[in-house]
Amino acid sequence: MQQFLILFAIGKLNGERSLSGVLHLLNGKKTSQTLTDGTLFHASFLFSALPALDRATLETEVKQLQANGWVRSLSAETYCMTSLGTQALQTWQKKHPYLLTINSLKYRKAETLFFNVVSLYVQSLAHVLHNDTRFLPICNDFHVQRIVKRCMPKRSERQASADQHYQEWLTLLNQLDEKSATLFVLRMSHRTRTGLTIEQLADQIALSKEEVSLRFRAVLHHFLQEALQQPTLYPMLHTLAAASIGVESVPLTQSATKTYELLQQGMTPQEILRRRNIKRSTLEDHLVEAAIHVPTFSIDAFVSKDEQQAIQTAFTTLKTKKLKTLKEALQDVSYFKIRLVLGKKGSE
Amino acid sequence: MYPTLKSDWFLGKKEVNKMHLTEILHKRFGFPTFRDGQRPVIEAVLQGKDVLALMPTGSGKSLCYQLPGYVWNTPVLIVSPLLSLMDDQVQQLKAAGEKRAVALNSFLSMEERRHVLANLSSYRFIFISPELLQNAYVVQQLKRCTISLFVVDEAHCISQWGHEFRTSYLRLGSVREKIGRPPCLALTATATNIVQEDIVQQLHLQDYEAHLASVDRPNIKLVTETFATEADKLTRLQSLLKELPGQGIIYAATRQWAERLAQALREDGHERVAAYHGGMEATDRQLIQKQFLRNELDCICSTNAFGMGINKGDITWVIHFQLPSDMESYVQEVGRAGRNGAQSVAILLYSPTDEELPSRLIQQEFPTEQQLQQVTRMEGLNRESASSRLFALGMGESALNFTLYQLESEGYFNSLPNQELPKAIEKIIERMEYRKALKRKMLQNMIQWTQGSFCKREYIITYFDEDFQKVGRPPYCCSYCCGHDVHFLEQQKRELRPPLQTSWRSELRFIFNQESDDSHEQEKPSGIDSTIK
Ligand SMILES: [Zn+2]
Ligand SMILES: [Zn+2]
């Protein structure tokens, strides 16, 4: 699995980027701003597909790919895919059609919240259908619990909602292969069984952990995509998806909404500055606002994962939200980045 | 139904006697009777007395403030050191039908925190972190809402003589004064005499009642076994797992070890084993915790930081694969076994190489001398700016807290004359060395206990300043008194994980309660059976 994902990434980046680019794309730790939708057309699943990948492992795998004759080196740091490699990749990709369902650029930020909402909702519904209201929730997150509470049906409508859910799930899962449908359902908790972890699923279905993660992500994105686009076909899942993605009530100021919309259309911050003729500090305020209020808004393009981690550590260690203190502790990190991370954190 | 008490809500002894506490217990908590030690503490609390209660882990400490919470109509404030523990407690209260419980900590968003603080008096139980209690606004709001009881959980954290000293716990006494001096209930599982004295002094307890339960847990047999190498320990662990009935916890010193042990055991055929630690992804950690609580797992391999919130009565055994850092930690961790009163066992597997890791951890808890010397070169710092500079020097959380507290008590932030700074640093180093030595001594005690030829139980009882004559020796005492045998444990039948040979379609029907309705799509033959190799 790992080997082919690396091969895929090298093929996609097509010799334009060094091994570091491949590494950052696959483990998702640092964001390269120049990676646009175009580069990852039909391949956004590569984004953080191997979160645990490190430099040494990557180099070993690339040596192996080279020995297979699937890639050749252009310079010390860059590689490109050979025609032999292209063939191998095509054969492999046919066995993993679910990868194309993944749309990380669009749903990566929403997927965790959506999953938490869906699993807590399913657990709650499965219990209350049997008038069992005393159970330990599978997710302790305040925010998730609030969304689920808002979406839960009234007592008299519980079974009707469950019937509708059943139909929606059945339709969507029937569009997938058996393995993906199985692992998704087994990841849910119900009255007599707690959901399985990625590792347990890998054991259970005899797949690699990487494949289980990717398949799971594919199902989540499939659900999100269909439920958001076809509210009449999937009214129940639409409610959960919309609540998770926050499209229905983005409490931004008018000006910030405009900035946010332009960003959604794919404009870079520089382009927005020019187009809207606003000050840099204003734009920064808008982005911080979006970080606070829009759950799906990713700050990864503005703050690297390492910096996010550093800010997070400073925050938990110093236990303060005072910008000045955090700035002094972190030295090289800008106020803007600290505000973004704190804003994002507050919204979670 | 229950007396509604306003300003003068504390009860006389007679009134408390007349109250049907068992009725409240049954109605609110579903227990038919009190457990050992709970009732006298609750009665003292209801009379408005300061109380120091030393109750072993799992003896139902939390009931001692939860039940009074239902007698009074003003909030009970609970200071708790661990964020995850706080959230778990709130969840458990909510699962039991209590909506008026909240955890106030730095992980609430500003908006949520503001909302909670504006409505404090509408809560029955307010859990709060000691750091947040340093905030003047928070204290002011607490003062306005008349707190009926000030509970300090894990009160041993207040003592510099204890194993788990936290600087954030030090100012609790003055906070208590500021919010109108509500009666105080100090709770702890283990505390030596000297730590108890510290608690009383620091929290300003007056005319207090002390309820000191024994640290002894007669239903847990204490076993230590020594091995030459780590590999030998692992072999022993694997064979132990084949023998031991019921559910258990294996404690490992690091996350890596927890993972390694779980992996090794699974490869050895124990499918129902999983690792559990802070480095795991939050979602999967939650799932593992719930699986363990619901007996879908036999065993979790855990680091000591986690599992604190796990409230599970039927744990039959606890194994330490590595040495705990002191007797206090050992007693607390072992205390998770046999909370339901059933005969249980605690097994510590020791090999001489075990000593390196805890020694290293002790070093990391303190600043280096070099870091302290660097501090002397900083000038004109206040508490805030000092903390960020120390962080920039690369100090970890506990080293940073230690340094800040020491600087503060030396008057460093109150215009200490420059020429006196070196002397202050010298004093800090002295105290640091003292504390390191104390920690090393505690570790040595632990090793001595592991290795010594004496009754393991008697040593622990004596270590905690109790009289072993009074405690006595249970039939299954320890490996010194009665050997390593573990076959006396009741052979409980292990439940099997609910069978997974059904297809996802029938799982789905079960989830959404479609069983009674057969109008749905017919089962396709290609179920999960064909996908599971
Ligand atoms: Zn959240
Ligand atoms: Zn003994």
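Order of the sequence lines sets the chain letters (A, B, ...), proteins ahead of strands, with each chain counted from 1.
A donor-acceptor contact under 3.5 angstrom links the side chains of A/Asn174 and B/Arg505, judged on distance only.
Heavy atoms of A/Leu318 lying under 4.5 Å from chain B belong exclusively to its side chain. Contact of A/Thr325 with chain B is made through backbone and side chain together, with heavy-atom distances under 4.5 Å. With a threshold of 4.5 angstrom between heavy atoms, B/Gln134 does not approach chain A through any atom at all. For a residue to count as touching a neighbouring chain, one of its non-hydrogen atoms must lie under 4.5 Å from one of that chain's; by this rule A/Asp177 does not touch chain B. For A/Phe184, no part lies near chain B; criterion is any non-hydrogen pair under 4.5 Å.
In plain terms, the two heavy atoms of A/Arg193 and B/Arg294 that are nearest each other are N-NH2, 3.3 Å. For the residue pair B/Ala392 and A/Ala329, the shortest heavy atom distance occurs at CB-O, 3.7 Å.
The side-chain heavy atoms of B/Arg389 and A/Glu328, taken from C-beta on, include no pair separated by under 4.5 Å. In this structure, B/Glu507 and A/Met188 have side chains that are not in contact, with every pair of non-hydrogen atoms separated by 4.5 Å or more. Annotation: side chain of A/Gln167 is not in contact with side chain of B/Gln514 (no heavy-atom distance under 4.5 Å). Within the 4.5 Å cutoff, the side chain of A/Thr197 has heavy atoms near those of the B/Ile288 side chain.
Within the model, atoms CZ of B/Arg272 and CD of A/Gln200 stand 10.5 Å from one another, a figure rounded to the nearest 0.5 Å. Rounded to the nearest 0.5 Å, atoms OG (B/Ser388) and CG (A/Leu326) are 8.0 Å apart. Note that the CG atom of B/Leu390 and the OG1 atom of A/Thr317 stand 11.5 Å from one another [nearest 0.5 Å]. Of the inter-residue distances, the one linking B/Phe510 atom CZ with A/Leu129 atom CG reads 10.5 Å to the nearest 0.5 angstrom.
Enclosure of atom CZ in A/Arg158 by more than 12 non-hydrogen atoms of other residues, nucleotides or ligands within 6.0 angstrom is indicated.
Per-residue heavy-atom pair counts under 4.5 Å with chain B were compared for A/Ala314, A/Cys139, A/Ser119, A/Ser161, and the maximum is reached by A/Ala314. With chain B as the partner, the residue from A/Val122, A/Leu173, A/Thr133, A/Leu125 showing the most heavy-atom pairs under 4.5 Å is A/Leu173. When the candidates A/Gln145, A/His190, A/Lys327, A/Arg191 are compared by the number of heavy-atom contacts under 4.5 Å with chain B, A/His190 comes out ahead. Heavy-atom pairs under 4.5 Å with chain A peak, among B/Arg266, B/Lys290, B/Met395, at B/Lys290. Residue with the most contacts toward chain A among B/Leu400, B/Val90, B/Thr283: B/Thr283 (heavy-atom pairs, distance under 4.5 Å). Chosen from B/Leu508, B/Ile511, B/Asn401, the residue pairing most often with chain A at heavy-atom distances under 4.5 Å is B/Leu508.
Taking the ring centroids of B/Phe512 and A/Trp169, they lie under the 6.0 Å cut-off.
Between the B/Gln291 side chain and the A/Gly195 main chain, a donor and an acceptor come within less than 3.5 Å of each other. B/Gln91 places no side-chain N or O within 3.5 Å of a backbone atom of A/Leu136 that could act as its donor or acceptor partner.
Partners of A/Glu168 by salt bridge (charged side-chain N to carboxylate O under 4.0 Å, His left out), not counting sequence neighbours: none found.
Applying the salt bridge (charged side-chain N to carboxylate O under 4.0 Å, His left out) test to residues at least two apart or on different chains, the pairs with a partner in residues 275-284 of chain B are A/Arg187-B/Asp284.
With B/Trp504 as reference, A/Val185 is the one residue of A/Leu186, A/Val185, A/Leu176 to meet the side-chain contact (heavy atoms from CB on, under 4.5 Å) rule.
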